[in-house]
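Input: a single structure, listed below in structure tokens.
Numbers restart at 1 for each chain; the letters A, B, ... are given by sequence-line order, proteins then strands.
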There are 2 protein chains.
Amino acid sequence: MLNLTKKADYGLMALKYLAEHPETVAMSAKDIADAYGIPAQLLAKILQKLTKSGLLKSHAGMNGGYALARDAREISAYEVIHSIDGPFFITSCTKGTNGCELTPSCTIKEPLARVNETIAGVLRSISIYDLSDHEQTAGQSERSSPLVSLAR
Amino acid sequence: MLNLTKKADYGLMALKYLAEHPETVAMSAKDIADAYGIPAQLLAKILQKLTKSGLLKSHAGMNGGYALARDAREISAYEVIHSIDGPFFITSCTKGTNGCELTPSCTIKEPLARVNETIAGVLRSISIYDLSDHEQTAGQSERSSPLVSLAR
DNA sequence: TGAAACGCGGACAGATTTGGTCGTATACTA
DNA sequence: TAGTATACGACCAAATCTGTCCGCGTTTCA
Ligand code: FES
Ligand code: FES
């Protein structure tokens, strides 16, 4: 019913956590999982997906782990969700290659596709940086201008 | 993964269908289901929910059926989805009464709630009328001004 | 007055998706 | 070479969604 999967949730949490610890070179999946009390192995697989999508850089071996591949401002929530949950369409008919069996009769697909694009746009305008708790001491650069203000 | 359930899809289709046939007093669930080739009994239950939510008016007995309870412009997509799928939160943690077990550690719930509100706003700004194929012959009243333009 | 057409609502089974675990292979470091 | 970490697939369990069935109440009409 139009909600993110837990996996996407976890992914966002992990990325936010990484964004808030820029000093550390790499953070293991277990470290992040422990910090939030989520299943380590599950998070590992999520981070692997994000790595394959180029959002994270990974490093095996001791003191290895994951690090953001780009600046937190350059990673949008949309990319994260898309990477973890696959392409999302608000219309339920995504089975098969294109459209479901009743595509010809269904008349709301086209209008809803527009809604879909709008939501995608909102998600695209939100970066990990926007989610994170960056100490906005003074004179914040205000580089990011999300469609949705997340300011508190 | 952030998509509507088929039920919500069906519900929107049905309402759109009703909006496009304003002359008929009432339309049976079976009629609508046949028009789109969707399971009649399933659609019936959906329409029942919409009736209980006050979006439709029902009439039992022969030649009975359903009709919009209000003008199509006054029924938002949000109401329909909310009525069928229940309250939706973009964050997956909706179990129990309030928040999931890891609410304290989860740090993205609050920022995502804002995204949630934005999406809800988009959905609220779209009416069944906007979805329907109203012959906008000339000088359309342009009474509705959805956040998302659905014009073709 | 009774049958037919229709809405109402719960129970329920099958299909699908999600959440999570396990095992093993691979890569890197000390 | 021992230890730590990622990579990846198979797999299972739980939750959800989809769809069907059946009995009941209501309205219309012959
Ligand atoms: S439900 Fe499949 S095309 Fe709309
Ligand atoms: S995942 Fe439950 S509070 Fe965020």
Measure [atom1]/[X] against [atom2]/[N] and give the value in whole Å, please.
X	N	atom1	atom2	answer
B:Asp9	D:dC17	CG	C1'	13 Å
B:Leu4	D:dT18	CG	P	10 Å
B:Ile32	C:dG7	CD1	C1'	12 Å
A:Gln48	D:dA5	CD	P	14 Å
B:Lys7	D:dG19	NZ	P	9 Å
B:Lys52	C:dC8	NZ	C1'	9 Å
A:Leu42	D:dA7	CG	P	15 Å
B:Ile46	C:dG9	CD1	P	15 Å

For residues [X] and [Y], determine if any side-chain heavy atom of one lies less than 4.5 Å from a side-chain heavy atom of the other.
X	Y	result
B:Leu56	B:Leu68	yes
B:Ile38	B:Ile32	no
A:Ser127	A:Asp130	yes
B:Ile84	B:Leu12	no
B:Glu79	B:Glu74	no

Of the candidate nucleotides [options], which contains the atom at the shortest distance from the side chain of [X]?
X	options	result
B:Pro39	D:dT20, D:dT6, C:dG19	D:dT20
A:Tyr66	C:dG7, C:dA4, D:dA7	D:dA7
A:Lys45	D:dT6, C:dC6, C:dT21	C:dT21

*Going by number, which of residues 76-86 of chain B have a non-hydrogen atom under 4.0 Å from DNA chain D?*
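Residues of residues 76-86 of chain B under 4.0 Å from DNA chain D: none.
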_If you assign B:Ser28 and A:Asn63 each to the DNA chain C nucleotide with the nearest heavy atom, which residue ends up on the more 5' nucleotide?_
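Its nearest nucleotide lies further toward 5', so the answer is B:Ser28.
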*Given A:Asn116 and A:Thr91, is the side-chain contact (heavy atoms from CB on, under 4.5 Å) satisfied, shown in steps?*
CA-CA 8 Å; A:Asn116 193 71; A:Thr91 43; over 6 Å; no
*Start at the 5' end of DNA chain D and walk down; is the nucleotide closest to B:Gln41 or to A:Gly61 reached first?*
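Whichever sits nearer the 5' end wins; that is A:Gly61.
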Tell me whether the side-chain N/O atoms of [X] come closer than 4.0 Å to OP1 or OP2 in [N].
X	N	value
A:His59	C:dT29	yes
B:Tyr10	D:dC17	no
B:Ser58	C:dC8	yes

*Roughly how far, to the nearest 0.5 Å, is the OG1 atom of B:Thr51 from the CD1 atom of B:Ile46?*
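Rounded to the nearest 0.5 Å, the CD1-OG1 separation comes to 11.5 Å.
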*Mind checking the NZ-CG spacing from B:Lys49 to B:Leu55? Nearest 0.5 Å is all I need.*
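Atom-to-atom, B:Lys49:NZ and B:Leu55:CG are 13.0 Å apart.
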*Give A:Lys30 one of three labels, base, sugar-phosphate or nothing, depending on what nucleic acid heavy atoms sit under 4.0 Å from its own.*
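Here A:Lys30 touches no strand at all.
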*Within the structure shown, what part of the strands sits under 4.0 Å from B:Ala29 by heavy-atom distance: base, sugar-phosphate, or nothing?*
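Counting heavy atoms under 4.0 Å across all strands, the contact made by B:Ala29 is with sugar-phosphate only.
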